[in-house]
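Any value given below was found using the heavy atoms of this structure, including those in side chains, with hydrogens, waters and symmetry copies removed.
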Amino acid sequence: GNRRAEAGLLLAVARHAGNWVGEAADQLLRQAWGVHADASVNAMMQRACDALKKKDAEGALKGFAAAAGRSRDIDESKQGFADAHRWIGITLDKALGDDVNAQAAFEEALDASPHNYVVMMDLGKLLLKRAASAKAAAGPDKDARTIAAWLGGAPSPAADAAEEKLEKRARLYFERATSLNPALATDVRAVLAPAASLA
């Protein structure tokens, strides 16, 4: 079945990271995660992707949502449903700037396809972006305010806890992704490097 094939490819990716066998298994997994069980759903996805390329984010979002609904009804493996939700998340994040709903869409995709390290990477990057936005919203003098509050006996602002929680969750998704595909470690280091230099 599909789950057995996925498990075999995941094993090949993990065992052969850094060589052609691992790369081939990775490509096959990525293709499988993007395949829908029905030609009509594939056509919906293609129209939605075309709308996104034309910068019609609302039209793309409606198309991806329709594909997700149709996939839920006909696709036992849930891979098509997961792929449609991944694209909903990408559209909400990149085209509409709706990080909160993008996160929910990525989480929905991951629920349907729990070994999909591509979605884990998307979700980790989004959570890091949300943490950076929260940090920027706190303003440049946040550290001075935090120190002053601490010296006055007040606890650290809740925003700090929220930022740390988002960063911690992002790192957990990156760890899960790299445990499934060790070749992603380079990508993770590249994503985390700017955040590390700010700390």
Side-chain angles (χ1 to χ4, degrees), residues 1-14 22 24-52 57-130 165-166 168-184 187-188 191:
N2 289 340
R3 294 293 181 194
R4 187 179 295 171
E6 180 187 52
L9 288 170
L10 283 165
L11 186 62
V13 166
D26 173 56
Q27 288 301 315
L28 286 171
L29 267 175
R30 289 172 188 258
Q31 288 172 0
W33 286 330
V35 171
H36 297 263
D38 182 77
S40 67
V41 178
N42 283 320
M44 287 180 198
M45 289 294 293
Q46 186 58 56
R47 284 192 298 274
C49 285
D50 291 344
L52 195 56
E58 293 295 337
L61 201 55
K62 288 177 185 171
F64 293 134
R70 178 78 175 128
S71 287
R72 181 181 48 242
D73 295 339
I74 62 172
D75 185 3
E76 289 180 27
S77 74
K78 298 184 180 179
Q79 295 301 334
F81 178 80
D83 184 55
H85 273 277
R86 176 177 180 252
W87 279 99
I88 289 169
I90 289 169
T91 304
L92 287 166
D93 176 27
K94 307 287 187 203
L96 297 172
D98 184 350
D99 296 346
V100 173
N101 286 317
Q103 180 179 337
F106 287 140
E107 288 169 347
E108 186 92 15
L110 201 53
D111 283 346
S113 182
H115 299 104
N116 191 324
Y117 49 76
V118 175
V119 176
M120 291 174 200
M121 292 293 291
D122 291 336
L123 190 48
K125 290 174 187 175
L126 178 69
L127 291 169
L128 277 184
K129 183 174 107 172
R130 289 191 63 203
K165 187 176 179 181
L166 288 168
K168 184 177 180 181
R169 284 189 65 206
R171 288 177 185 275
L172 288 173
Y173 283 118
F174 291 145
E175 286 173 16
R176 282 179 60 195
T178 56
S179 72
L180 293 167
N181 183 354
L184 292 172
D187 295 339
V188 170
V191 169

Applying side chain to side chain contact (heavy atoms under 4.5 Å, CB included), run through Q79 and V35 and close with a yes or a no. CA-CA 7 Å; Q79 295 301 334; V35 171; over 6 Å; no
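The distance from atom CZ of F106 to atom CG of L92, rounded to the nearest 0.5 Å, is 8.5 Å. D187 contributes atom CG, which lies 5.0 Å from atom CE of M121 (distance to the nearest 0.5 angstrom). Interatomic distance, CZ of F174 versus CG of L128, reported as 4.5 Å (0.5 Å rounding). Atom-to-atom distance recorded for N116:CG and K78:NZ is 14.0 Å, nearest 0.5 angstrom. Expressed to the nearest 0.5 Å, how far CG of N181 lies from NE2 of H115 amounts to 13.5 Å. From I74, atom CD1 reaches atom CG of D38 across 3.5 Å, with rounding to the nearest 0.5 Å.
The two residues S71 and H36 make their nearest non-hydrogen contact at OG-ND1, 3.5 Å. Looking at every heavy atom in both residues, N101 comes nearest to D98 through ND2-OD2, 2.7 Å. Shown here for S113 and A82, the closest heavy-atom pair between the two residues is CB-CB, 3.6 Å. Shortest non-hydrogen contact noted between A12 and A25 is CB-CB, 3.7 Å. Listed here is the closest heavy atom pair of A48 and A60: O-CB, 3.3 Å. A67 and V41 make their closest contact through O-CG1, 3.9 Å (heavy atoms, listed as atom of the first residue, atom of the second, distance).
Side-chain atoms of V119 and W33, non-hydrogen and from C-beta on, never get closer than 4.5 Å to each other. V188 has its side chain out of reach of R171: every pair of non-hydrogen atoms, C-beta onward, lies at least 4.5 Å apart. At a threshold of 4.5 Å between non-hydrogen side-chain atoms, the residues I88 and E108 do not count as touching. F64 has its side chain out of reach of H85: every pair of non-hydrogen atoms, C-beta onward, lies at least 4.5 Å apart. Contact of the E6 side chain with the L10 side chain is registered, since non-hydrogen atoms from C-beta on lie closer than 4.5 Å.
A search for salt bridge (Lys or Arg N to Asp or Glu O under 4.0 Å) contacts involving K129 returns D93, D99, not counting sequence neighbours. Scored by the salt bridge (Lys or Arg N to Asp or Glu O under 4.0 Å) test, R30 finds D26 as partners (sequence neighbours excluded). Under the salt bridge (Lys or Arg N to Asp or Glu O under 4.0 Å) criterion, D122 pairs with R86, sequence neighbours left out. Evaluation of the side-chain hydrogen bond (donor to acceptor under 3.5 Å, both in side chains) rule for T91 yields no partner, not counting sequence neighbours. By the side-chain hydrogen bond (donor to acceptor under 3.5 Å, both in side chains) test, R176 is found to be paired with no residue, residues two or more places apart in sequence or in another chain being considered. Legend: residues meeting salt bridge (Lys or Arg N to Asp or Glu O under 4.0 Å) with R169, ordered by chain and number and at least two apart, are E107.
In this structure a side-chain-to-backbone donor-acceptor pair under 3.5 Å is present from T178 to E175.
In this model, a donor atom of one side chain and an acceptor atom of the other lie less than 3.5 Å apart for D50 and Q46.
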